[in-house]
Amino acid sequence: MRKFIVIHSLFAFVLGVSIFFQIFSISSVYAGSSAKEIASTINKAVENYQNYPELSESLFQKAFCDSLSLINPSNKSSVRELGFYLASRCLHPSLFTELPFISETYLKLFPKGAYRIQVLVNKALLDYACGRQIEGRAALELAEKYSGKAGKKQLLSLELHGLLSSGNFKSSGSLLDRLAKVSKGNTRFRRDRARYKKGSEEFKKVRKNLQKNSSDNESVIRELRDQLEKNYFAPDAPESALLLMTKEDSLSPRINGVEVRLFDLTRINSNYLHALQRISRLEALLRNYPEAEPEIAGKAVIQLHLTYLVEMNDPVRSGFWLEKLSKIPGYSERYRIEKALAVLLNSELGTNVLEQLKTLCDLKKYFPYDNGYLPRIEYSNAVSWFLSASLMDKADPALNAKIKDLPSDNSDKFLFFLANNSKTDALKEFESIKPTLENSEIALVESLLFPVYEQNDEGKRLLTIATLLARKFPKQAVDILVKVIEPVPVKLYYQHAFALLAEIYKSQGNVAEAQNVWSKLRKYFPGSCWLK
């Protein structure tokens, strides 16, 4: 079991209340038997919390009801203030729904009240117990602002316990520095701070050793586990916890594999851990280290989002983690990419995904993009997809700028220009690759390209797009080619559409359809270059 870096153990929830209120006792300004009885009932409830939980619950509820009787508008302001304060002390789970209203009302009605520090502390304890760490810390910081030197150390100590209980180890380290200064002469906090810093140094040594012995996964895993058990509070712990899971997942046998496809790209992820095991570890990392560096948290969240989406087929949980990604500092643009990719994963290339493809093209600085799960995406892939989908619909002069974004060695560049009716640019690109083409291919291009001054009709433009898509997106190419040759095939360039369609069918193993198309080509174009 982990030991906290502070010598005094972490306050149990109700025990923390009991100890703290030995410091802030009830003032004598409201001497009255009713109030004293309520305070006594609360103290008894705290004392019985561990051993007699049912008795403790009934005592807390009785004290809460009695406290509410004091806040009657007919009572004096000081008595009402006291009632709110006592009610805020009834920190039991059965009253968690009502208690936020009590503390908020007190702070609103009595902003300079005699018990504002105590009420703020009660509010902080409630927030921490309900998982609202940010609100809890804010309440303690405000209480510290109002307190004098006498109460500052206790408030800082309580804040430290709250941070530790919620896994905010990074903030705990900073707070230890303050506690060491406030508690001069107190060796406990100085020793705790020294241990915190030592833990960070030990992790750095471990990471250096891991780089030297990275091939020995089993020894790496053992050392990481040992260090995470000893120094789980260190700043490097979240990164090491993610590294540990990665190393565990790389063990043999990797029997949990999944093939991930994104249009014409494929990636096979082979894992030792089952998807549920990976999910459990990643969620534990984010739960245990809420202050993990954005890069570590972002990697974990992306893996959770994609594992739920692809392997668990759970779009609801996947969407939950995707939205979490948008809240991580510095990840707003990566969130846009991942959101677009989530749609593209389940889509065919076409005009229906233009918005998502445009998002990828707009975020050029993040490419090549590799999230460790999907296929690695080059920027040229994103541009080619976007141009192909756009040109399936219509030509647009504005697309020429994107075509120029393609690498100079991209053999399809001239076809993109040609499909966009930019024949002059297409001719320049064509001349540079013409020596690499076969005679029949040259005939196809020249029949589409010349005369340069004449704009292609829609049939030629669609044939150019089909030629672009034939190799990587045969299904879309077939749909376009069928559309091209639907009219009576009297135009000379139709021969190229027949030949291309036949070759696609052949590559797909559909021999009968291929033979049928070749027969039609012989019938309509007996002298075609494709028949020689």
key: Atom CD of Glu355: over 12 foreign heavy atoms under 6.0 Å   = no
Show the atom names and distances, to 0.1 Å, of all donor-acceptor pairs under 3.5 Å that link a side chain in residues 234-242 to residues at least two apart or in another chain.
from: Glu239; atom 1: OE2; to: Arg207; atom 2: NH2; distance (Å): 3.1
from: Ser240; atom 1: OG; to: Asp236; atom 2: O; distance (Å): 3.1

inquiry  = Does Phe367 form a side chain to side chain contact (heavy atoms under 4.5 Å, CB included) with Val383? I'd like the steps, not just the answer.
reply    = CA-CA 11 Å; Phe367 288 85; Val383 173; over 6 Å; no
message = Whether Arg137 and Glu141 form a salt bridge (side-chain N of Lys/Arg under 4.0 Å from carboxylate O of Asp/Glu) is what I want to check.
response = yes
key: Test item: Leu360 and Phe386 side chains (from C-beta on) under 4.5 Å apart, heavy atoms   = no
ask   = Does atom CD of Glu438 have more than 12 heavy-atom neighbours from other groups under 6.0 Å away?
value = no
query = Within the distance-only criterion (no hydrogens, no angle test), does the side chain of Asn381 pair as donor or acceptor with the backbone N or O of Glu378 below 3.5 angstrom?
reply = yes
message = Less than 4.0 angstrom from a charged side-chain N to a carboxylate O is my criterion; do Asp226 and Lys230 meet it?
response = no
query = Can Tyr524 and Ile485 be said to form a side chain to side chain contact (heavy atoms under 4.5 Å, CB included), step by step?
reply = CA-CA 12 Å; Tyr524 294 115; Ile485 62 177; over 6 Å; no
query = Hey, does the side chain of Thr307 reach the backbone of Leu304 with a donor-acceptor pair shorter than 3.5 angstrom?
reply = no
task = Could you pull out the closest heavy-atom pair between Ser103 and Lys123, with the gap in Å?
result = OG-CG, 3.9 Å
ask   = Would you say Lys423's side chain and Glu454's backbone share a donor-acceptor pair under 3.5 angstrom?
value = yes
request  = Inspect the surroundings of NZ in Lys402 and state if more than 12 heavy atoms from other residues, nucleotides or ligands are less than 6.0 Å away.
outcome  = yes
query = Is the closest side-chain heavy-atom distance between Met245 and Leu285 below 4.5 Å?
reply = no
ask   = For the side chain of Gln476 and the backbone of Leu349, is there at least one donor-acceptor N/O pair under 3.5 Å apart?
value = yes
request  = Please determine if Glu223 and Lys247 form a salt bridge, counting it only when a charged side-chain N lies under 4.0 Å from a carboxylate O.
outcome  = no
key: Donor-acceptor side-chain pairing of Tyr373 and Arg267 below 3.5 angstrom   = no
task = Please check if the side chain of Glu503 supplies one atom and the backbone of Ala514 the other of a donor-acceptor pair under 3.5 Å.
result = no
message = For Ser380, is there any backbone N or O sitting under 3.5 Å from a side-chain donor or acceptor partner on Ser384?
response = yes
ask   = Any side-chain heavy atom of Met312 sitting closer than 4.5 Å to one from Arg317?
value = no
task = Look only at the side chain of Arg336 and the backbone of Ser332, and say whether a donor-acceptor pair between them is shorter than 3.5 Å.
result = no
Can you list, pair by pair, the side-chain donor-acceptor contacts under 3.5 Å of residues 463-474, counting residues two or more places apart and other chains?
from: Thr464; atom 1: OG1; to: Lys460; atom 2: O; distance (Å): 2.8
from: Thr467; atom 1: OG1; to: Leu463; atom 2: O; distance (Å): 2.8

Flag for Asn400-Ser422: side-chain donor and acceptor within less than 3.5 Å = yes
query = What do the steps show when you test Tyr272 against Arg278 for side chain to side chain contact (heavy atoms under 4.5 Å, CB included), and what is the final call?
reply = CA-CA 10 Å; Tyr272 172 74; Arg278 279 177 274 130; over 6 Å; no
task = State, yes or no, whether a side-chain contact exists between Trp385 and Ile377 at a heavy-atom distance under 4.5 Å.
result = yes
message = Whether the side chain of Asn271 engages the backbone of Asp249 through a donor-acceptor N/O pair (distance < 3.5 Å, no angle test) should be reported.
response = no
ask   = Has the side chain of Ser507 got a donor or acceptor atom that lies under 3.5 Å from a matching backbone atom of Ile504?
value = yes
inquiry  = Can you confirm whether the side chains of Asp457 and Tyr493 place a donor and an acceptor under 3.5 Å from each other?
reply    = yes
query = When you measure from the side chain of Tyr289 to the backbone N and O of Tyr232, does any donor-acceptor pair fall under 3.5 Å?
reply = yes
Geometric class of the His496/Trp530 ring pair [parallel <30°, tilted 30-60°, perpendicular >60°] = perpendicular
request  = Check the pair Arg222, Arg225 against side chain to side chain contact (heavy atoms under 4.5 Å, CB included), reporting the backbone distance first and the verdict last.
outcome  = CA-CA 5 Å; Arg222 282 195 300 271; Arg225 283 175 179 166; 5.6 Å; no
query = Is Glu458 salt-bridged to Lys483, going by a charged N under 4.0 Å from an acidic O?
reply = no
request  = Mark yes when over 12 heavy atoms from residues, nucleotides or ligands other than Phe101 sit less than 6.0 Å from its CZ; otherwise mark no.
outcome  = no
key: Heavy-atom side-chain proximity of Arg132 to Pro100 below 4.5 angstrom   = yes
key: Neighbour count above 12 (heavy atom, 6.0 Å) for Leu531 CG   = yes
ask   = Does Lys358 reach the side chain of Ser390, with side-chain heavy atoms less than 4.5 Å apart?
value = no
key: Check: Phe430 and Glu446 side chains under 4.5 Å, non-hydrogen atoms   = yes
query = Which heavy atom of Met392 sits nearest a heavy atom of Gly350, and at what distance?
reply = SD-CA, 3.9 Å
